[in-house]
Amino acid sequence: MGRPCSDGSERPLAACRESAYMFRQFREEVETALSAALSSLDLPTDDLGVEEPPEDVPATLASSVAFRLAGVVGAAPPKVAADIAEEISVEGYDYLAAVDTQGPYVNFHVTDAYYDDTLDSAAADTEFGRLPSTGDSVVVEHTSANPTGPVHVGRTRNPVIGDAVANLLDFAGNDVDRHYYVNDAGRQMAVFTWAYETFDEEDLDSEPARDRIEYDLVRYYQKGNTYLEEADAADAEAAEEEITAILQGIEAGDEETYARVEEVVDQVLGGMRECLARLPAEFDEFVKETRFMFDGSTRDLADRLKETEYAVYEEDAWQLELDDYGFEKNLVFLRSDDTSLYTTRDLAHHEWKFDNYDRAVTVLGEDHKLQAGQLRAALDILGNDVDKLENVIYSWVNLPGGETMSTRKGTGVMLDDLLDESVSRARDEVEKRLEGRVRDDDLDEDDIDRIARQVGIGAVRYDIVSKQPTKTITFEWDQALNFEAQSAPYIQYVHARCCGIVDEAANAGLDATDVDPSVLTTEAERDLIRTIARFPAVVEAAADDLEPHAVATYARELAEVFNTFYRECPVLDADEDVGAARLALVKAARNAVANALAIVGVEAPESM
RNA sequence: GGGCGCGUAGCUCAGUUGGACAGAGCGUCGGACUUCUAAUCCGACGGCCGCGGGUUCGAAUCCCGUCGCGCUCGCCA
């Protein structure tokens with residue numbers, strides 16, 4: 001197909017990521033051939049209806065175009081399909097071998113070269129599935145939880161989805177940065193700072209739930225909030241004055257006030273960061289909103305907003321009328337005391353993103369949806385290209401009793417506890433299986449630790465990332481920590497099995513470098529190779545739609561197909577040429593599974 | 001009340017721009033380990049795709065209505 005190698009890399013065999021193109025090239029060939037046939041029949045080519053047929057249909061792609069053209073032609077769809085199929089020429093294509101029909105459907109079949117090339121490149125390329133560079137730089141902002149205390153499960157979708165979206169965009173050929181936006185100038189942090197400075201250890205009602213800094217400090221935050229609710233009016237008002245003083249100090253760029261707040265922010269954030277690293281969700285940059293106050297960009301932005309036709313000055317505050325954008329309520333961007341609001345700073349933050357990146361993706365909870373819409377509108381008013389900004393919105397995670405999770409109230413399941421529990425259950429499983437273990441690879445204590453961690457954390461991540469973000473999740477331990485089919489361990493097990501076979505084959509001196517895929521004739525083998533071939537197209541579609549859960553679904557399908565293959569097709573005990581081809585297939589499966597897992601953020605164990 | 005999202009098997013969820021009989025897993029029942037790792041495989045049972053209309057050759061998918069659940073509508077974030 002001759003797509004240029006835009007990243008200039010020189011990877012062995014898979015030059016220019018050709019490996020990524022088998023299915024996609026075939027799809028293009030089908031579209032080209034079908035278009036040509038329709039044109040020569042004087043039929044419209046605007047909707048080719050190319051799709052993947054159901055599993056029991058032997059074709060790799062199909063078209064339903066005959067349905068739509070039946071009226072135009074004045075014949076029944078099966079007749080139209082037959083005529084079209086007759087007109088299609090498969091001359092000169094690498095992967096398009098034959099065309100036939102099944103009722104009203106036109107079916108397209110692949111050449112041996114399709115399987116050949118898929119097997120060759122997927123088996124040899126540990127980066128199989130990675131797409132060529134788009135040349136785009138993308139910032140993925142996710143999590144961005146206020147540094148008020150330990151991360152709880154209610155917000156765990158954000159780092160899990162966010163990290164997967166970042167991985168996915170990276171794998172789809174983008175240059176990705178991961179950002180955590182830190183709200184260090186808001187009221188919450190002012191309350192926290194005041195509480196931290198006001199109360200002493202002996203004022204607190206409880207011991208830290210865990211030996212890490214944010215579990216210690218959150219008690220001050222909770223104490224402060226309780227005090228503000230329960231203290232008598234005069235005391236509460238005095239506290240409010242101190243809190244306001246902190247906010248105004250930050251707004252004025254007072255360095256001493258800033259230092260007081262950051263002492264709290266940096267400590268709490270440091271602890272949260274350790275927790276998130278367990279997932280792992282790590283960041284290239286923690287971007288503090290105070291940065292956009294101190295550099296003057298928030299002030300400049302507010303001044304520019306004032307100049308727009310949407311700006312009004314009502315009730316002593318500067319506001320934006322967003323009726324044209326479908327928002328009834330005005331968006332206040334400067335308070336009556338002339339201080340900025342969260343959204344004002346976030347606007348400056350986003351213009352900074354636009355200055356530095358080609359695209360900006362934000363992962364946020366549905367409770368921020370309205371704010372995100374207003375943000376987009378305001379950015380548009382300021383003349384930004386808001387198409388560069390995309391959001392991934394996720395719904396809440398509830399506890400079984402319908403209870404909500406709140407840091408302020410101290411309710412909810414902490415992410416640390418969830419991960420500990422999961423790793424602990426995984427360890428029980430590992431130890432339980434140790435006795436009946438067939439494989440004699442002598443797992444030591446370190447292996448058991450490793451497997452328990454990979455499986456336990458993988459199970460939690462997969463449970464979250466495999467579901468559509470828009471759906472509400474009710475969190476249930478047994479559901480999340482089920483280690484059987486349709487879970488991370490099920491898929492991880494496939495990877496471990498592949499690695500096991502590859503190891504054994506190496507010991508036996510079996511070579512898979514120059515294989516003949518035509519000996520792979522069973523349904524199980526062909527299913528597996530077809531599934532592997534789809535992987536790059538899955539990555540492409542998932543990245544286009546910012547839907548990492550599609551990769552999670554694919555990984556599960558691939559694992560299922562592999563397990564059937566595994567049962568039916570021995571590698572080491574087969575005839576030499578069959579064994580070699582199957583070994584190549586195992587290597588290809590291993591690479592595809594490993595990379596699918598990498599995208600969703602689940603570790604791929606080499607043994608378990 | 002207005003806006004947005006969700007409603008698919010008993011439970012948890014897939015289902016590509018509308019397309020070939022709506023698919024998995026868990027659970028239930030029944031089979032398969034002297035075998036490259038059984039965290040596996042094979043089979044059975046299980047559906048007015050919330051409900052009612054509409055568009056279409058064709059609707060889980062698009063449109064309208066309706067019911068239920070969630071989020072949201074601050075000079076909070």
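Numbered from 1 within each chain, the chains take letters A, B, ... in sequence-line order.
- A:R335 has a side-chain polar atom (N or O) that falls below the 4.0 Å cut-off from OP1 or OP2 of B:C76.
- Checking the phosphate oxygens (OP1, OP2) of B:A39, a side-chain nitrogen or oxygen of A:R433 falls inside 4.0 Å.
- Across all strands, A:V494 comes closer than 4.0 Å to no nucleic acid atom at all (heavy-atom distances).
- Taking only side-chain atoms of A:V57, from C-beta outward, the nucleotide of B:A39, B:U40, B:A20 with the closest atom is B:A20.
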Protein within reach of the bases, or only the backbone? For nucleotides 4-14 of chain B, mark each nucleotide 5' to 3' as B, S or -, using heavy atoms under 4.0 Å.
SSSSB---SSS
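- A:L341 comes within contact range of the sugar-phosphate backbone alone, with a heavy-atom separation under 4.0 Å but no base atom that close.
- For B:A44 and B:G18, the C1' atoms lie 33 Å apart once the distance is rounded to whole Å.
- Of the C1' atoms belonging to B:A39 and B:C76, the separation is 47 Å, rounded to the nearest Å.
- Residue A:L370 places its side chain closer to B:U72 than to any other of B:U72, B:U40, B:G74.
- The side chain of A:Y490 lies closest to B:C41, out of B:A39, B:C41, B:A38.
- For A:S63 (side chain) and A:V65 (main-chain N/O), a donor-acceptor pair under 3.5 Å exists by modelled atom type.
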A correct dot-bracket answer for RNA chain B, with pairs being Watson-Crick or G-U at under 3.5 Å, [ ] for crossing pairs and | for inter-strand pairs, is (((((((..((((.....[...)))).(((((.......))))).....(((((..]....))))))))))))....
Treating primed atoms plus P, OP1 and OP2 as sugar-phosphate and everything else as base, which nucleotides of nucleotides 42-47 of chain B get B, S or - for protein heavy atoms under 4.0 Å?
S-----
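- Ranked by how close their nearest RNA chain B nucleotide is to the 5' end, A:Q319 and A:E55 are led by A:E55.
- In this structure, the side chain of A:Y394 does not engage the main chain of A:T472 through any donor-acceptor pair within 3.5 Å.
- Across B:C67 and B:C26, the matching C1' atoms stand 30 Å from one another, rounded to whole Å.
- Where A:S64 and A:A550 meet RNA chain B, the nucleotide closest to each residue was compared, and A:A550 sits on the side nearer the 5' end.
- Residue-level contact check: A:A541 touches neither bases nor backbone, having no heavy atom under 4.0 Å from any strand.
- Checking A:D337 against A:T339 by side-chain atom types alone, a donor-acceptor pair falls below 3.5 Å.
- No hydrogens or angles considered: a donor-acceptor pair under 3.5 Å links the side chains of A:E141 and A:S144.
- Picking from B:A20, B:A77, B:G74 the nucleotide with the shortest atom distance to the side chain of A:H368 gives B:A77.
- For A:N563, counting side-chain heavy atoms from C-beta on, the closest listed nucleotide (B:A77, B:C26, B:C41) is B:C41.
- If you take atom C1' in B:A24 and the same atom in B:C69, they sit 25 Å apart, rounded to whole Å.
- Close placement of the A:F562 and A:F565 rings is indicated, their centers lying within 6.0 Å of each other.
- Across A:L247 and A:A190, no two heavy atoms sit closer than the pair CG-CB, 3.9 Å.
- The side chain of A:Y566 contributes an N or O atom lying less than 4.0 Å from OP1 or OP2 of B:A38.
- Taking atom P on both B:U8 and B:C49, the two are 11 Å apart, rounded to the nearest angstrom.
- Between A:Y490 and A:A559, the shortest heavy-atom distance links the atoms CE2-CB, 3.5 Å.
- Remark: the backbone N or O of A:T60 is not paired with any side-chain donor or acceptor of A:E52 at under 3.5 angstrom.
- Listed nucleotides B:A77, B:A20, B:C21 differ in distance to A:D56; the shortest reach to its side chain belongs to B:C21.
- Base engagement by A:S607 is indicated by at least one non-hydrogen atom pair under 4.0 Å involving a base atom.
- The CG-C1' distance, from A:D323 to B:C73, rounds to 14 Å in whole Å.
- In this structure, the nucleotide among B:U40, B:A77, B:A20 sitting nearest to the side chain of A:Q102 is B:A20.
- Residue A:V430 is classed as a base contact, given a heavy-atom separation below 4.0 Å to a base.
- A:R345 and A:N183 share no donor-acceptor pair across their side chains, judged by distance under 3.5 Å alone.
- Contact annotation for A:V50: base contact, defined as any heavy-atom pair under 4.0 Å involving a base atom.
- At least one donor-acceptor pair under 3.5 Å links the side chain of A:D444 to the backbone N or O of A:D447.
- Distance check on atom P: B:A9 versus B:A22 gives 15 Å, rounded to whole Å.
- Other residues, nucleotides and ligands place more than 12 heavy atoms under 6.0 Å from the CD atom of A:E314.
- When heavy atoms are screened at a 4.0 angstrom cut-off, A:V571 is found touching base atoms of the nucleic acid.
- Contact annotation for A:N107: base contact, defined as any heavy-atom pair under 4.0 Å involving a base atom.
- Residue A:C498 is out of contact with every strand shown, counting any heavy-atom pair closer than 4.0 Å.
- Within the 6.0 Å centre-distance limit, the rings of A:H349 and A:Y181 are counted as a close aromatic pair.
- Side chain of A:Q492 to backbone of A:G458: no donor-acceptor contact under 3.5 angstrom is found.
- No contact: A:L364 has no heavy atom under 4.0 Å from any strand.
- Among the protein residues, A:F333 comes within range of no part of the nucleic acid, since none of its heavy atoms lies under 4.0 Å from any strand.
- Phosphate proximity of B:A38 to A:R497: present, with a side-chain N or O under 4.0 Å from OP1 or OP2.
- Among the atoms of the strands shown, base atoms are found under 4.0 Å from some heavy atom of A:A62.
- At the heavy-atom level, A:A70 lies nowhere under 4.0 Å from the strands shown.
- At a threshold of 4.0 angstrom between heavy atoms, the contacts of A:R345 are confined to the sugar-phosphate backbone, with no base atom among them.
- The glycosidic torsion of B:C33 lies within 90° of 0, placing the base in the syn range.
- To the nearest whole angstrom, the two P atoms, one in B:U28 and one in B:U66, are 43 Å apart.
- For A:D367, taking side-chain heavy atoms from C-beta onward, the closest of the listed nucleotides B:A77, B:C36, B:C71 is B:C71.
- When the nucleotides B:A38, B:A39, B:U17 are ranked by their closest atom to the side chain of A:E51, B:U17 comes out on top.
- Closest to the A:P570 side chain, of the nucleotides B:C41, B:A38, B:C36, is B:C36.
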With side chain to side chain contact (heavy atoms under 4.5 Å, CB included) as the test, would you mind laying out the steps for A:D184 and A:I250 before giving the verdict?
CA-CA 9 Å; A:D184 59 344; A:I250 293 172; over 6 Å; no
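- Nearest approach of A:T344 to A:L301, heavy atoms of both residues: O-CD2, 4.0 Å.
- Here, B:U56 and B:G50 have their C1' atoms 24 Å apart, quoted to the whole Å.
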